[in-house]
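For reference, the structure discussed in these notes is given below.
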Amino acid sequence: MEVLVTGGAGYIGSHVVRELMKTPYDIVVIDNLQKGHREAVLAGEFYRCDLADRQKLDEIFSDHDIGAVIHLAADSLVGESMENPQKYYQNNLTAGLNLLEIMLEHNVMKMVFSSTAAVYGSPDNIPIEESDTAKPASPYGRSKLFYEEILADFDNAYGLGFVSLRYFNACGADYEAGIGEDHDPETHLIPLVLKTALRQRDKLKIFGTDYKTRDGTCIRDYIHVSDLARAHILALEKLEEEGESSIYNLGSGDGFSVKEVIEAAREVTGREIEAEPAERRPGDPPVLIASSEKIRKELGWEREYKDLKNIIETAWRWHSSNPEGYGESKTGKEI
Ligand code: UFG
């Protein structure tokens with residue numbers, strides 16, 4: 001069976017492709033390379049294609065015998081979505097709907113969807129369970145929640161099977177495979193901490209030190225990107241067994257504060273990492289920790305990376321051996 005990965009050149013997508021290489025599935029990747037890197041795609045047939053381009057999408061689906069789609073292509077920054085919601089609704093919803101239409105036209109009825117903890121907004125219960133109310137606080141979170149609802153409607157009406165994975169804080173790298181995290185601009189905590197350790201940046205800003213948490217800084221649930229990626233394979237297998245559509249959190253069940261992450265990174269790198277208190281970043285919930293009991297019970301998902309320092313070390317190995325990230329070549333099969 002061929003599996004189409006949209007956004008397969010991105011940070012998480014490239015790790016999903018890497019995990020797919022360990023399975024018998026054949027891989028087809030599409031990415032518009034606005035954020036992704038061609039070099040990060042280690043296998044499969046690659047197409048540079050935007051989901052807005054229905055004609056190209058149709059040609060790709062005609063040329064391949066696609067049995068399932070892993071849909072990651074999306075914009076994913078909370079702050080940017082507050083300033084430019086139109087971009088988020090356009091790319092994550094309108095373009096995402098194109099993909100669903102083409103899937104239906106080609107009778108491709110299985111999707112693994114890349115969702116987010118941002119659907120929960122500032123949750124009342126910690127750890128967050130899938131049955132807790134989703135109250136997204138940003139256009140980004142809303143675009144992902146709406147898409148999940150569209151998937152549920154498509155399941156009811158057309159029998160489209162889906163698994164939606166609500167990611168918490170993906171981090172780390174499969175440095176042995178030569179892939180890692182390279183965003184421009186970088187906004188995520190762990191790569192910024194490591195770039196500070198590498199002296200590529202000055203001081204790290206700690207966004208808010210007066211939250212009601214154990215040390216005043218925000219707490220997040222950090223999960224290794226390869227563990228996250230492996231869950232997509234389990235989700236595909238569930239869909240192949242014609243299981244019911246479902247939604248799963250993907251986190252560790254444990255949380256670390258910004259200060260704890262910086263301290264762990266100091267220990268891992270053995271370097272000084274200068275950090276200073278700064279204003280709160282708008283839209284940051286104080287604590288986000290997932291319960292991942294459901295996916296453990298139902299799909300048998302287990303983490304391989306359980307120790308934060310171990311996770312940071314994988315990211316450190318990648319950043320220190322690729323200080324400039326990926327190169328800039330933007331090639332792909334144009335059709
Ligand atoms: N932080 C800093 N300084 C920085 C960068 C981040 O203090 O320079 C803090 C943030 O305020 C936050 C924590 O570090 O408290 C983690 O921030 P990230 O930007 O790494 O991650 P977020 O939790 O904000 O975002 C992640 C994903 C989003 C997703 C969101 C869901 O990256 O795509 O979780 O809530 F939407």
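Read the numbers this way: they start at 1 and go in the same order the structure lists the ligands and their atoms.
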[X]: numbered ligand 1 atoms lying under 4.0 Å from its heavy atoms:
X      : value
Leu288 : 35 (O)
Thr116 : 29 (C), 31 (C), 36 (F)
His188 : 19 (O), 20 (O), 32 (O)
Cys218 : 15 (O)
Thr187 : 5 (C), 19 (O)
Ile206 : 7 (O)
Val78  : 36 (F)

Pair [X]-[Y], side-chain donor/acceptor within less than 3.5 Å:
X      : Y      : answer
Thr217 : Asp215 : yes
Ser226 : His15  : no
Tyr120 : Asn249 : yes

Short N-O contact, Glu148 and Lys144, less than 4.0 angstrom: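 Result for this pair is no, no salt bridge flagged.
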Which residue supplies the protein heavy atom nearest to [atom], what is that atom called, and how far is it?
atom                    : value
atom 17 (O) of ligand 1 : Arg281 NH2, 3.4 Å
atom 8 (O) of ligand 1  : Leu192 CD1, 3.4 Å
atom 28 (C) of ligand 1 : Ser76 O, 4.0 Å
atom 1 (N) of ligand 1  : Phe207 CD1, 3.6 Å
atom 20 (O) of ligand 1 : Leu189 N, 2.8 Å

Give the contacting part of [X] toward ligand 1: side chain, backbone, both or neither, where contact means a heavy-atom distance below 4.0 Å.
X      : answer
Arg220 : side chain
Tyr140 : side chain
Tyr222 : side chain

Proximity flag Tyr211 to ligand 1, non-hydrogen atoms under 4.0 Å: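 Judged by the 4.0 Å heavy-atom criterion, Tyr211 does not count as contacting ligand 1.
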Non-neighbouring partners of Arg201 that pass side-chain contact (heavy atoms from CB on, under 4.5 Å), sequence neighbours left out: Leu192, Lys195, Thr196
His232 ring center near Tyr167 ring center (under 6.0 Å):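 Under 6.0 Å, so yes.
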Pair Phe113 + Tyr147: ring centers closer than 6.0 Å: yes
Over 12 non-hydrogen atoms of neighbours within 6.0 angstrom of CG in Asp202: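 No - once you tally the heavy atoms of other residues, nucleotides and ligands closer than 6.0 Å, there are 12 at most.
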Lys205 side chain near Glu276 side chain, heavy-atom distance below 4.5 Å: yes
Beyond-backbone contact of Asn91 with Leu51, side-chain heavy atoms, under 4.5 angstrom: no
Option nearest atom 31 (C) of ligand 1 (shortest heavy-atom distance, choices Ala118, Pro191, Pro286): Ala118
Options Val193, Asp284, Leu204, Asn169, ranked by nearest heavy atom to atom 25 (O) of ligand 1, top entry: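 Selected option, by shortest heavy-atom distance: Asn169.
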Sole residue of Thr6, Asp53, Asp50 in side-chain hydrogen bond (donor to acceptor under 3.5 Å, both in side chains) with Asn32: Asp50
Working for salt bridge (charged side-chain N to carboxylate O under 4.0 Å, His left out), residues Lys56 and Glu59: CA-CA 5 Å; Lys56 252 194 202 182; Glu59 285 173 41; over 6 Å; no
N or O pair under 3.5 Å between Lys205 and ligand 1: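 The answer is yes, given that Lys205 and ligand 1 share an N or O pair closer than 3.5 Å.
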Polar atom proximity, Val258 to ligand 1 (N or O, under 3.5 Å): no
